[in-house]
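Each chain gets a letter, A, B and so on, in the order the sequences are listed, and its residues count up from 1.
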Amino acid sequence: MPEGHTLHRLALDHRKWLAGEVIHVTSPQGRFQGGASVLDGQLLTSVEAWGKHLFYRFEGGELLHVHLGLFGRFRRHRQPAPEPRGQLRLRMETSTECVDLSGPTACELLEPDEHAALLARLGPDLLREDASRQQAWKRVKASSRSLGALLLDQSVLSGVGNVYRAEGLFVSGLHPELRGDELESRDFTRLWKTLVGMLQDGVRDRKIITVKHFDQAVGRKPRRGERTYVYGRRECRRCGDSIRVWELGSRTMYACETCQRR
DNA sequence: GCCGAATGCCCAA
DNA sequence: TGGGCCTTCGGCG
């Protein structure tokens with residue numbers, strides 16, 4: 001579920017549903033009981049996403065930090081909300097809305113210095129207006145690590161996960177094993193812009209669909225359920241050659257070595 | 001019912 | 001570098 005688009009979509013939705021309201025906060029599962037009781041009954045003033053992190057600011061100055069990790073998930077209900085089902089770390093309710101959180105890696109209150117430290121180790125977020133491509137490029141250009149590893153390093157740039165990594169490199173025609181210091185500036189610019197476009201589509205669509213409605217390069221419409229060019233596939237959507245699947249940067253990489261030259 | 005995998009990331013060694 | 005953690009879901013019996 002969660003790459004950067006998911007978190008930015010959640011920030012937009014939660015801002016609309018919850019911000020400016022007094023929130024009833026509970027932890028049905030109990031593992032966030034302490035934090036929930038601090039936040040309960042407070043006005044939520046803002047919701048913000050940065051990379052794969054979500055921050056909720058409350059009237060009293062408290063900051064709630066949520067990181068979904070690999071398994072975390074939010075569900076929305078209208079009031080009256082159903083009985084909590086499964087392991088619910090957090091439930092936030094207004095008179096009309098209810099948002100449930102299960103399985104997060106982090107659901108915690110942060111002190112200002114902890115918040116600052118967290119942001120300090122995040123690279124530019126491709127979905128933020130103020131994201132500095134130059135800053136990310138400096139890090140990439142100075143690194144002998146592979147592009148595939150660099151894209152997943154949230155301190156280089158933030159928001160890209162395993163699906164967008166594979167898809168962004170494919171559409172940009174770049175081989176995942178290219179080293180950062182081998183990359184040309186214009187290649188990085190193309191990759192960056194491709195990823196920004198994909199992530200923006202993801203926010204709009206609420207899911208990752210990187211194939212276009214009609215793709216000139218492929219010359220046909222995607223089949224039903226066909227959402228990616230290489231990720232999770234056996235054959236390249238464009239040329240039909242076998243997809244190479246291997247471990248890169250501790251995650252499964254998918255690439256077409258015909259379309260993605262070194 | 002059990003097992004493995006999944007769009008993430010941290011930590012110890 | 002490997003293991004651990006958080007949870008759900010689909011495939012296999």
Side-chain angles (χ1 to χ4, degrees), chain A residues 1-11 27-33 35-36 49-55 64-77 82 84-91 99-108 110 114-115 117-123 125-127 145-146 148-171 176 194-211 225-234 243 245-255:
Chain A
M1 292 281 289
E3 297 195 26
H5 68 299
T6 303
L7 288 304
H8 281 265
R9 181 72 250 174
L10 285 166
S27 179
Q29 168 205 57
R31 291 188 52 185
F32 185 56
Q33 196 58 64
W50 198 301
K52 297 173 188 170
H53 300 260
L54 268 178
F55 301 100
L64 170 64
H65 168 229
V66 172
H67 187 88
L68 295 178
L70 193 49
F71 317 117
R73 187 171 168 185
F74 275 104
R75 284 186 184 78
R76 176 213 193 178
H77 308 284
R85 241 179 309 133
Q87 298 289 315
L88 283 195
R89 185 77 58 89
L90 172 71
R91 173 170 268 193
V99 162
D100 287 342
L101 170 65
S102 63
T105 288
C107 174
E108 60 190 357
L110 289 189
E114 297 173 305
H115 181 214
L118 202 167
L119 292 183
R121 58 179 169 79
L122 289 181
D125 175 347
L126 291 93
L127 279 170
R145 298 164 67 207
S146 69
L150 287 165
L151 284 184
L152 288 188
D153 185 340
Q154 303 296 299
S155 69
V156 174
L157 44 79
S158 61
V160 175
N162 206 29
V163 179
Y164 284 126
R165 165 175 83 153
E167 296 294 295
L169 288 170
F170 174 83
V171 170
T194 298
L195 288 167
V196 169
M198 285 181 171
L199 282 156
Q200 286 173 343
D201 287 351
V203 174
R204 183 196 60 213
D205 301 338
R206 297 170 188 265
K207 60 181 83 154
I208 301 178
I209 304 173
T210 57
V211 298
E226 215 174 17
R227 293 179 176 171
T228 58
Y229 290 100
V230 290
Y231 181 84
R233 294 180 57 99
R234 305 199 51 174
I243 297 295
V245 183
W246 77 107
E247 222 31 44
L248 181 62
S250 309
R251 308 295 299 282
T252 307
M253 181 73 220
Y254 299 82

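When the salt bridge (Lys or Arg N to Asp or Glu O under 4.0 Å) test is applied to A:Arg251, no partner is found at least two apart in sequence or on another chain. Legend: residues meeting side chain to side chain contact (heavy atoms under 4.5 Å, CB included) with A:Arg227, ordered by chain and number and at least two apart, are A:Lys207, A:Ile209. For A:Phe32, there are no ring pair (Phe, Tyr, Trp, His ring centres under 6.0 Å) partners, not counting sequence neighbours. Residues forming a ring pair (Phe, Tyr, Trp, His ring centres under 6.0 Å) with A:Phe55 (at least two apart in sequence, or on another chain): A:His65, A:His115. Residues meeting the salt bridge (Lys or Arg N to Asp or Glu O under 4.0 Å) test with A:Arg31, sequence neighbours left out: none. Checked against salt bridge (Lys or Arg N to Asp or Glu O under 4.0 Å), A:Arg206 has the following partners two or more places apart in sequence or in another chain: A:Asp13. Contacts of A:Arg89 classified as salt bridge (Lys or Arg N to Asp or Glu O under 4.0 Å), with partners at least two apart in sequence or in another chain: none. For A:His67, the ring pair (Phe, Tyr, Trp, His ring centres under 6.0 Å) partners at least two apart in sequence or on another chain are A:His53.
Of the residues in residues 155-162 of chain A, those placing a heavy atom less than 4.0 Å from an atom of DNA chain B are A:Gly161, A:Asn162, in numerical order.
If you take atom C1' in B:dT7 and the same atom in C:dT1, they sit 23 Å apart, rounded to whole Å. Atom P of C:dT8 sits at a distance of 22 Å from the matching atom of B:dC10, rounded to the whole Å. For the P atom pair drawn from B:dG1 and C:dC6, the interatomic distance equals 23 Å after rounding to whole Å.
Bounding nucleotides for the chain A contact on DNA chain B, 5' to 3', at a heavy-atom distance below 4.0 Å, are B:dA6 to B:dC10.
With salt bridges taken as basic N to acidic carboxylate O contacts below 4.0 Å, none links A:Arg73 and A:Asp100.
Of the residues near DNA chain B, A:Tyr254 and A:His53, the one whose nearest nucleotide (by heavy atom distance) lies more toward the 5' end is A:Tyr254.
No engagement by A:Arg227 is indicated, since no non-hydrogen atom pair under 4.0 Å with the nucleic acid exists.
The salt bridge (charged side-chain N to carboxylate O under 4.0 Å, His left out) analysis of residues 154-169 of chain A, with sequence neighbours excluded, yields no pairs.
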Under the criterion side chain to side chain donor-acceptor pair (under 3.5 Å), I'd like the reasoning laid out for A:His8 against A:Asp125: C-alpha separation, chi angles, the key distance, then a yes or no. CA-CA 10 Å; A:His8 281 265; A:Asp125 175 347; 2.7 Å; yes
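If you measure from atom CD of A:Gln29 to atom P of C:dC6, you get 9 Å, rounded to the nearest angstrom.
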Atom pairs, N/O to N/O, protein against nucleotides 8-10 of chain C, distance under 3.5 Å?
| unit_1 | atom_1 | unit_2 | atom_2 | d |
| --- | --- | --- | --- | --- |
| C:dC9 | OP1 | A:Arg73 | NH1 | 3.2 |

